[in-house]
Amino acid sequence: MPELPEVETVKRGLESQIIGARINEILVGDLKVLQFQEDLLFDLVDQTIKSLSRRGKYIIFELNQNRLVIHLGMTGQLTLWRPDRFDSDRFLRHPKTGLQRIRQHAPDKHTHLQICLEDGRILMFRDTRKFGKIFLLPCDRIILEQFFSKLGMEPLDEEYRFDRFQEFLKGRKAPVKPLLLDQGFIAGVGNIYADEALHLAGIHPGKRARYLTRKEKRKLFEAIPTVLEKGIRYGGTTLRDYIDSDGREGNHQEFLKVYGRNGKSCQRCGSEIRKVVIGQRGTHFCPNCQKR
DNA sequence: AACCTTCCCTGATGGC
DNA sequence: TGCCATCAGGGAAGGT
């Protein structure tokens with residue numbers, strides 16, 4: 001499930017390759033992922049990709065006349081297909097990490113948007129579960145602000161401040177875990193990094209926010225950017241579907257402390273990692289390091 | 001306002 | 001072998 005580190009990895013990968021590229025043709029699959037009138041796609045042709053940015057789990061393509069905003073949902077993949085790479089390629093030599101598995105798909109029944117570039121490369125959006133969404137906005141600052149008005153703090157930016165963090169948690173009786181998933185609180189945190197941050201901070205995911213001590217809040221506040229940056233450093237977490245813009249899987253899954261490690265022992269204390277459901281979400285924690 | 005539940009969707013998995 | 005039920009989960013929408 002792509003969260004901030006995965007979206008950031010995709011964004012950086014694309015950024016280094018498609019700035020300045022001109023759109024030649026658009027091909028669509030399932031129209032369900034498009035959150036705008038289909039015929040507006042005609043407007044994209046001949047526009048140039050000027051820049052890329054990210055807000056929370058959204059990736060934003062700045063074009064001449066529009067902004068294309070994409071959310072990958074659960075299983076969304078944004079890859080740059082290159083005509084010089086054979087479809088049968090399954091491995092790619094990476095300068096630092098050696099041979100890596102890649103999953104560069106030719107368009108299939110799950111490919112819902114193909115943005116064909118002038119030079120023959122194709123920016124593809126593929127999403128098996130179709131929880132992803134694509135928006136087309138005019139290039140207007142106010143409209144962009146409105147679009148993101150309900151999103152919370154960017155955890156890796158200046159605007160991420162402890163006073164705002166504390167203010168949001170004040171008086172909340174909900175367990176802290178679902179609050180971390182609230183995009184109106186901190187944008188970009190999802191199920192994996194929420195569990196990882198709570199473990200790093202030593203906080204039980206079911207603990208009600210109002211009962212967190214100042215010290216615990218401080219630890220959690222700092223743990224969030226720490227685990228997100230670690231995720232980015234290892235190219236994101238691939239559990240099943242996530243791949244970057246080159247079709248490469250992430251490496252961060254090998255460094256997870258709790259997520260998906262139920263039944264295994266905690267690397268810090270040796271206790272058995274447990275999995276419970278909190279706020280309708282699978283939640284992983286160490287019962288010894290994260291006491292109520 | 002805060003909190004909780006349901007729904008969307010498909011592939012993987014397990015029981016029989 | 002095949003069929004069915006169940007599960008995963010981001011976020012919107014609906015209810016309390």
Side-chain angles (χ1 to χ4, degrees), chain A residues 1-8 10 29-36 54-60 69-78 103 105 107-113 125-135 146-155 164-198 205-212 224 228 231 236-243 249-250 253 256 258-263 274-285:
Chain A
M1 52 235 72
E3 304 178 26
L4 187 153
E6 291 74 35
V7 177
E8 179 65 23
V10 169
D30 194 327
L31 294 173
K32 187 186 173 299
V33 300
L34 300 185
Q35 306 295 308
F36 55 90
R54 180 193 56 74
R55 177 80 171 91
K57 300 174 192 172
Y58 293 87
I59 185 162
I60 306 157
V69 181
I70 299 182
H71 192 293
L72 298 175
M74 287 279 305
T75 55
Q77 300 170 332
L78 259 181
R103 290 190 271 153
H105 303 274
D108 62 12
K109 63 172 179 171
H110 300 301
T111 306
H112 306 308
L113 188 69
F125 175 75
R126 183 177 181 274
D127 184 10
T128 52
R129 286 187 204 174
K130 298 182 211 169
F131 283 3
K133 286 182 164 63
I134 302 178
F135 304 85
Q146 281 172 356
F147 186 85
F148 290 123
S149 64
K150 280 180 263 177
L151 276 191
M153 296 181 277
E154 272 301 317
R164 295 181 64 184
F165 185 87
Q166 252 189 328
E167 184 60 31
F168 187 89
L169 295 179
K170 206 171 176 179
R172 297 298 199 114
K173 94 175 203 263
V176 60
K177 161 74 187 273
L179 292 177
L180 286 183
L181 299 180
D182 185 341
Q183 299 301 294
F185 178 27
I186 302 167
V189 176
N191 210 30
I192 299 172
Y193 296 94
D195 284 2
E196 293 298 308
L198 285 165
K207 187 156 181 175
R208 307 203 173 253
R210 59 190 304 184
Y211 299 133
L212 291 174
I224 290 162
L228 295 173
T237 308
T238 298
L239 297 172
R240 172 164 285 150
D241 299 289
Y242 169 70
I243 51 176
E249 297 184 347
Q253 60 280 6
L256 294 170
V258 285
Y259 191 90
R261 297 194 68 248
N262 37 308
R274 295 245 306 273
K275 182 179 180 183
V276 295
V277 175
I278 295 175
Q280 286 83 242
R281 291 289 177 263
T283 301
H284 313 71
F285 71 106

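Below, chain A is the first sequence line, B the second, and so on; all start at residue 1. In what follows, every heavy atom counts, from backbone to side chain, and hydrogens, waters and symmetry copies are set aside.
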Enquirer: Rounded to the nearest 0.5 Å, what's the gap from CG on A:Leu256 to CZ on A:Arg261? Could you check?
Expert: 8.5 Å
Enquirer: Please report the distance, rounded to the nearest Å, between CG in A:Asp127 and C1' in B:dC9.
Expert: 9 Å
Enquirer: For A:Gln280 and B:dC3, what is the distance between atoms CD and P respectively, to the nearest whole Å?
Expert: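 Rounded to whole Å, this separation is 14 Å.
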Enquirer: Would you mind reading off the distance between A:Met74 atom CE and C:dG9 atom P, rounded to a whole angstrom?
Expert: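 After rounding, the reported distance stands at 7 Å.
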Enquirer: Check the distance between B:dA1's C1' and A:Asp182's CG and give it to me in whole angstrom.
Expert: 12 Å
Enquirer: Kindly say if A:Tyr259 contacts the phosphate of C:dG9, meaning a side-chain N or O under 4.0 Å from OP1 or OP2.
Expert: yes
Enquirer: Name the closest nucleotide to the A:Lys109 side chain, picking from C:dG9, B:dG11, B:dC3.
Expert: B:dG11
Enquirer: Closest-nucleotide mapping onto DNA chain B: is A:Arg172 or A:Phe131 further toward the 5' terminus? I mean the 5' end.
Expert: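 Looking at DNA chain B, the more 5' nearest nucleotide goes with A:Arg172.
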Enquirer: Tell me the interatomic distance from A:Leu169, atom CG, to B:dC3, atom P, rounded to whole angstroms.
Expert: 10 Å
Enquirer: Indicate the ring-plane relationship of A:Tyr58 and A:Phe147, choosing parallel, tilted or perpendicular according to the 30° and 60° boundaries.
Expert: perpendicular
Enquirer: When you measure from the side chain of A:Thr75 to the backbone N and O of A:Arg129, does any donor-acceptor pair fall under 3.5 Å?
Expert: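 Answer holds: yes.
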Enquirer: Can you spot which of A:His284, A:Arg281, A:Lys177 makes a side chain to side chain donor-acceptor pair (under 3.5 Å) with A:Asn191?
Expert: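 In the set A:His284, A:Arg281, A:Lys177, the residue that makes a side chain to side chain donor-acceptor pair (under 3.5 Å) with A:Asn191 is A:Lys177.
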Enquirer: Under the 3.5 angstrom rule, does the side chain of A:Gln183 hit a backbone N or O of A:Gly152 as a donor-acceptor pair?
Expert: no
Enquirer: What one-letter contact string describes nucleotides 11-16 of chain C from 5' to 3', where B marks a base within less than 4.0 Å of any protein heavy atom, S marks contact via sugar-phosphate atoms alone, and - marks no contact?
Expert: BS----
Enquirer: Side chain of A:Lys32: nearest nucleotide among C:dG10, B:dA12, B:dC8?
Expert: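 The nucleotide sitting nearest to the side chain is B:dC8.
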Enquirer: Would you please confirm or rule out a distance under 4.0 Å between OP1 or OP2 of B:dA2 and any side-chain N or O of A:Lys170?
Expert: no
Enquirer: Please determine whether a side-chain nitrogen or oxygen atom of A:His110 lies at a distance below 4.0 Å from atom OP1 or OP2 of B:dG11.
Expert: yes
Enquirer: CD1 of A:Ile278 versus C1' of C:dG9: gap in Å, rounded?
Expert: 16 Å
Enquirer: Roughly, in whole Å, what's the span from CG in A:Asn191 to P in C:dG10?
Expert: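 About 5 Å, once rounded to whole Å.
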Enquirer: Do A:Ile224 and A:Leu180 have side chains that approach each other closer than 4.5 Å (heavy atoms only, starting at C-beta)?
Expert: yes
Enquirer: When all nucleic acid strands are considered with a 4.0 Å heavy-atom cut-off, which category describes A:Gly282: base, sugar-phosphate, or nothing?
Expert: sugar-phosphate
Enquirer: From CG of A:Asp241 over to P of B:dC9, roughly how many Å is that when rounded to an integer?
Expert: 17 Å
Enquirer: From the set B:dT10, B:dA12, B:dT6, return the single nucleotide nearest to any side-chain atom of A:Arg240.
Expert: B:dA12
Enquirer: Identify the two heavy atoms, one from A:Arg208 and one from A:Lys173, that lie closest to each other, and give their separation to 0.1 Å.
Expert: NH1-O, 2.8 Å
